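In what follows, a structure is listed as structure tokens, so that the remarks can point back to it.
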There are 2 protein chains.
Amino acid sequence: MPDESKLQLQLSCGSVVGMEPKPDAITLTAWARLVRTQQVLLERVEADLKQASLPPLRWYDVLLELRRAGAGGLRQFEIGAAVLLNKHNLSRLLDRLEAEGLLQRHVCEEDGRGARVRITAAGRDLLKRMWPVYGGAIAAHFEQYFNDKELRQLAAMLGRIPGVAR
Amino acid sequence: MPDESKLQLQLSCGSVVGMEPKPDAITLTAWARLVRTQQVLLERVEADLKQASLPPLRWYDVLLELRRAGAGGLRQFEIGAAVLLNKHNLSRLLDRLEAEGLLQRHVCEEDGRGARVRITAAGRDLLKRMWPVYGGAIAAHFEQYFNDKELRQLAAMLGRIPGVAR
DNA sequence: GGCATATAGTTGCAATTGCAACCATATAGA
DNA sequence: TCTATATGGTTGCAATTGCAACTATATGCC
């Protein structure tokens, strides 16, 4: 939500004469747009999901991760690492998903502390139902503004930030 | 938090034979990285602010908006539009900032319903104190991975999404 | 003027998130 | 083996967010 044109103002205010400003104007514009892009796009995609009476994106992320893991399932900390959610919140998110019958927590053989989480048929079904809306939203709110080359560039650039590509 | 490699899996599951998939693989990679970038970067920047015992980014955004507006101040809905925050939450965010003495709400001459919000000296001071940390975080977590040309490209591309550039 | 509707902002309530403390099991070292 | 520490996960509490209902003023239409 930072406003590009104002962030730039900061330069003169925040820096001492003789010191070059930390991030320059172009950086700040790019930063501001990046932040804003995310906010705008996620809002639009979530709105589409809600309008289709579907659960939020995070549910999709978790279930997708679990489906990929297959029969073996995943440890909670693995899910947390994948969807960038801390253990406290993940624990309760999984509570909700489990309550909806979308996944199951099993006792973990290798580690008595942990649980092993597996997706259920209902979970897989929800993924299938969410995808058309989710995919449609990505196409409508994001894809249409770029060509293939640009999308590739975008992915390549962002992938350089540590923790983004995986 | 969507995982690139898995989103692609979706293609085969969600689409009917003969129909081309809605968003293609490149799109999904770019999308996933965009979402992840935001999450990762904001987390890092917020962490830096917190470590410096400074308030969250949103406070900065609002105060910056107000400082730019100058003596005239802003209506609440104008702030809301600028920082992409709905009126309910903005109202309470402003409560907090006002309680901290960072801004003031005045009665609005032109519109008896509304308030006019102005930044205070303390608000301006907070902006000054936050900037070094915020700017430093942008440099450390974002700027360093790109050159000028790339930053310009990034800004130009994202600016095409409606609602991003302003 | 008088009524219907739209807009600005606030408040109450439920859901989500962040943070800290906590329990249980694993692991490492004496 | 026995203790200290680290790790996986849950729970309680406060702060934040989202949503719906509400108040008050403004605007448009008769």
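Just so you know, these numbers use all the heavy atoms, side chains as well, and skip hydrogens, waters and symmetry mates. Below, chain A is the first sequence line, B the second, and so on; all start at residue 1. The structure displayed is predicted, hence computed values, not measured ones.
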Between the side chains of [Y] and [X], is the shortest nitrogen-to-carboxylate-oxygen separation below 4.0 Å, so that they form an ion pair?
X	Y	value
B:Glu65	B:Arg75	no
A:Arg116	A:Glu110	yes
B:Arg44	B:Asp48	no
A:Arg160	B:Glu150	yes

Original post:
With a 4.5 Å limit on heavy-atom distance, are the side chains of A:Val133 and A:Met130 in contact?
Top reply: no

Protein-nucleotide distance ([X], atom [atom1]; [N], atom [atom2]), rounded to Å:
X	N	atom1	atom2	value
B:Leu42	D:dT17	CG	P	13 Å
B:Trp59	D:dT16	CH2	C1'	12 Å
A:Leu57	C:dT17	CG	P	12 Å
A:Gln39	D:dG18	CD	P	9 Å
A:Glu46	D:dT17	CD	P	15 Å

**OP:** Could you tell me whether a side-chain N or O of B:Thr29 sits under 3.5 Å from a main-chain N or O of B:Ala25, the two making a donor and an acceptor?
**Re:** yes

**OP:** Any chance you could measure B:Gln104, atom CD, to B:Glu98, atom CD, to the nearest 0.5 Å?
**Re:** 7.0 Å

Original post:
Which nucleotide in the set D:dA26, D:dC19, D:dA6 lies at the smallest distance from any side-chain heavy atom of B:Asp111?
Top reply: D:dA26

Subject >> Close residues, residues 102-110 of chain A, relative to DNA chain C [heavy-atom separation under 4.0 Å] >> reply: none

Original post:
Which residues within residues 85-100 of chain B lie with some heavy atom under 4.0 Å of an atom in DNA chain C?
Top reply: B:Lys87, B:His88, B:Ser91, B:Arg92

Verify the contact: side-chain N or O of [X] to OP1 or OP2 of [N], cut-off strictly under 4.0 Å; return yes or no.
X	N	answer
B:Arg113	D:dT27	no
B:Gln76	C:dT10	yes
B:Arg58	D:dT17	yes

**OP:** Check each of A:Arg152, A:Glu143, A:Gln144 against B:Thr27 using the side-chain hydrogen bond (donor to acceptor under 3.5 Å, both in side chains) test, and report the only one that passes.
**Re:** A:Glu143

Original post:
Between B:Leu66 and B:Val117, which heavy-atom pair has the shortest distance, and what is it?
Top reply: CD2-O, 3.4 Å

